[in-house]
Visitor: 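There's a structure below that I have some questions on.
Small disclaimer: the values here were computed from a predicted structure and weren't measured. A, B, ... follow the sequence lines: proteins, then strands. Residue 1 opens every chain.
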Protein chains: 2
Amino acid sequence: MNEANPVYSDVFDTQKKKLGLLGGGQLGRMMIQEAISYNIDVHVLDGDPNAPCKSIATSFREGSITDYATVLDFGQDKDVLTVEIENVNIEALEALEQQGKKVFPQPRVLRIIKDKGLQKQFYLDHHLPTAPFILVNNMDELRENRDFLPAANKIRTGGYDGKGVVLLRSETDIPNGFDAPGILEKFVPFSKELSVIVVRNERNETVAYPVVECEFNPQLNLVEFLFAPAAISPETEARAKEIAIDVINQLDMIGILAVEFFLLESGELLINEIAPRPHNSGHHTIECNYTSQFEQHFRSVLDLPLGAPGIVLPGVMINLLGEAGYHGDAKYLGMTEAMQQEGVYVHLYGKKQTKPFRKMGHITVALPDIDRAKKIARQLLQTVKVIS
Amino acid sequence: MNEANPVYSDVFDTQKKKLGLLGGGQLGRMMIQEAISYNIDVHVLDGDPNAPCKSIATSFREGSITDYATVLDFGQDKDVLTVEIENVNIEALEALEQQGKKVFPQPRVLRIIKDKGLQKQFYLDHHLPTAPFILVNNMDELRENRDFLPAANKIRTGGYDGKGVVLLRSETDIPNGFDAPGILEKFVPFSKELSVIVVRNERNETVAYPVVECEFNPQLNLVEFLFAPAAISPETEARAKEIAIDVINQLDMIGILAVEFFLLESGELLINEIAPRPHNSGHHTIECNYTSQFEQHFRSVLDLPLGAPGIVLPGVMINLLGEAGYHGDAKYLGMTEAMQQEGVYVHLYGKKQTKPFRKMGHITVALPDIDRAKKIARQLLQTVKVIS
């Protein structure tokens, strides 16, 4: 923590504040799972009647988190509102903020992050390192900027999980681009993808987690798993944390923020993108760190002190995605074998139905020897399957 | 694990089996909290409409767990039944077992453990080490056995948390004894109190946890905290585990069992008592071991493989008891300070009302240096208070 702790209320009585959560997916579910240990009630709004949070939320309301009237009404009897997904109705959150509710992360921050154009402009304005970019409005403007290629063309709003992004290597790729408001981001060859989770509360206390690294499978050209601590120099570790803390401070944001980086061969770090909520790259913190990202999430928005982020065990995280070709009631292959192994931690998200590449759960392998953990994680990628 | 693993079902589909839990207290609550990670539904029966499990159970039925008809009816649509407290209607569980339901721990085992006379006789019959005892039916029989003193007089059924036990040092203490069916257990001077948690599933796989030790405060003559691993010789550690495994095997019990021991100056171990459920002496396993006692509980009764019991971090556990003199809505003092410290894990039990000595929560201090953990635990005993 970067500042002396001011005095907190001597009386811990979290039930005085009514916490509302927009979004009832796995990120909310894992937050609630940990909030139980502090007697913290969590009231959830989500449009899916089978949302992962439903059976464990203190109360669950079925309704659209992107609908102005629904969000405004949901917030009326809450004291604090937070999100587990960016795609929410920001105008309603602004209205709630004006009513005097605490809304963390602040709607102002969500507005910047939701729009990749504003997000990139924010980095520029605050001298935060990121790849050069150009704002474009349509395919004609992609053509006009052909000299800027190779570059990634990203739509400004609505993209997620790799959707809404296409790499334009040269002019001939331009027809694959988006005929919509977007950005052209200069392609920068990088050696690693890194991520840092940072947290900040109302007292401007901040905490940064140890850096996480993506492991790519070069044959398949996809992320196999994430691991922490990253295999990087102490200087890069310190610099990545420093930038991430700088981002959350410059945003003047309360809550939890994931900052994803490209590490270049030169050692330079560029911010790729940010997410103002618990993040896939922080799932291992449940077992691997003294305080998990999910606990930090509710600590940060409820005016509680932040927790220690130090490492208990190194760890490797794999996502359990719905297997291609399977739709329907989820079944899990290879699980009983996996759960017999020391250091293998299973997290299923309570989703009854699987579909191709749906995030159904994750497994963290946490062991003192990270090479052994990686080996086990690679085996589990072969043996654990979500089918129907 | 003491046997080669037989083949488990390749398809992990826990929702096929409907699990019913008798008792909705903190032991059930912590079990449900971990069952969430495996998509395991838990249906709870408890007489208290504000039971700690209520808001997180898949379903909650308000009803007496000691009432024959209520328990029998609750079990009708369940496949597996388990308990988080011994004081349940055993006859109803026997009837459910006869209907073909799986009931773990078995009613036969609950019957032995619930009655301290049968429990002690069981040890004798199976050559398990325990202090000498005499069965008594009333105060006259206490007098007849005055030559057996000093001895503890314990009522055969219904005692818990130190209630139903009185030490009779000499003949003059006899009027403090119970004029009821009980046992007289020879007082044996001991140097330490130890505990071992063991688990056994339907495949006769067994797991024993590292030994836990009680730390007494000699001034106050009460348990200050529990810590693990215990400060004992490797021989005593091995022998305690061996006896505990022997007890669960001789009982032919499926489920989780806490075995409490007296360690004599001679090095001899005597069984004090046993509990067929998760136990206060295993709370630290949530953070300190690869698999917690709560996860082992549901693994053992649901025909799942047992988890690895190895140590992640040494730990010290203190109970948060309602402060003497306070009744009413619970408030927690010293908590925000506690939760800032690395390695301090808070667990509150969701009880709205405090009363003197009520178990309201616990804190585990888990750190690589156990002496530092003990020091912090001693401080927390002074600073964290549950009042109203």
Visitor: Would you say CZ of Arg358(B) has more than 12 non-hydrogen atoms from neighbouring residues, nucleotides or ligands within 6.0 angstrom?
Guide: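 Above 12, so yes.
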Visitor: Under 4.5 Å heavy-atom distance to chain B, tell me which part of Ser55(A) shows up: side chain, backbone, both or neither.
Guide: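 For Ser55(A), the backbone is the part near chain B, not the side chain.
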Visitor: Give, as side chain, backbone, both or neither, the part of Asn289(A) having an atom under 4.5 angstrom from any heavy atom of chain B.
Guide: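 Only the backbone of Asn289(A) comes within 4.5 Å of chain B.
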Visitor: Answer with side chain, backbone, both or neither: which region of Val346(B) has an atom nearer than 4.5 Å to a non-hydrogen atom of chain A?
Guide: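 Looking at Val346(B), backbone and side chain both touch chain A.
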Visitor: Mind checking the CD1-CD1 spacing from Ile36(A) to Ile32(B)? Nearest 0.5 Å is all I need.
Guide: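 These two atoms lie 8.5 Å from each other.
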Visitor: Given a strict heavy-atom distance threshold of 4.5 Å, which part of Ile56(A) is in contact with chain B: side chain, backbone, both, or neither?
Guide: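 Contact with chain B: backbone and side chain both.
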Visitor: Are any non-hydrogen side-chain atoms of Val344(A) and Tyr290(B) less than 4.5 angstrom apart?
Guide: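 Answer no - side chains too far apart.
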Visitor: Is the CD atom of Glu337(B) crowded by more than 12 outside heavy atoms at less than 6.0 Å?
Guide: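 At most 12 heavy atoms, drawn from other residues, nucleotides or ligands, come within 6.0 Å of this atom.
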Visitor: Do Asn39(A) and Tyr332(B) come close enough that some side-chain heavy atom pair is under 4.5 Å?
Guide: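 Heavy-atom side-chain distance check passes, below 4.5 Å.
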Visitor: May I ask you to check whether over 12 heavy atoms, not counting those of Arg61(A), lie within 6.0 Å of atom CZ?
Guide: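 Count over threshold, so yes.
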Visitor: How long is the straight-line distance from CE of Met339(A) back to OG of Ser37(B), given to the nearest 0.5 Å?
Guide: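 With rounding to 0.5 Å, OG (Ser37(B)) is 11.0 Å from CE (Met339(A)).
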Visitor: Tell me, side chain or backbone of Tyr345(A) under 4.5 Å from chain B's heavy atoms, or both, or neither?
Guide: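 It is the side chain, since no backbone atom gets that close.
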Visitor: Please rank Pro52(A), Gly310(A), Ala57(A), Gly343(A) by heavy-atom pairs under 4.5 Å with chain B and give me the top one.
Guide: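 Top count of heavy-atom pairs under 4.5 Å with chain B: Gly343(A).
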Visitor: Within the distance-only criterion (no hydrogens, no angle test), does the side chain of Gln33(A) pair as donor or acceptor with the backbone N or O of Gln33(B) below 3.5 angstrom?
Guide: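 Between the backbone of Gln33(B) and the side chain of Gln33(A) there is a qualifying donor-acceptor contact (under 3.5 Å).
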Visitor: Look at Lys351(A), His347(A), Glu342(A), Glu295(A) and state which one has the largest set of heavy-atom pairs under 4.5 Å with chain B.
Guide: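 So the answer, after comparing Lys351(A), His347(A), Glu342(A), Glu295(A), is Glu342(A).
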Visitor: Is the count of non-hydrogen atoms from other residues, nucleotides or ligands lying under 6.0 Å from Lys385(B) atom NZ greater than 12?
Guide: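 Enclosed.
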Visitor: If you compare all heavy atoms of Gln340(A) against all heavy atoms of Pro305(B), which two are closest, and at what distance to 0.1 Å?
Guide: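 Closest heavy-atom pair between Gln340(A) and Pro305(B): CG-CB, 3.2 Å.
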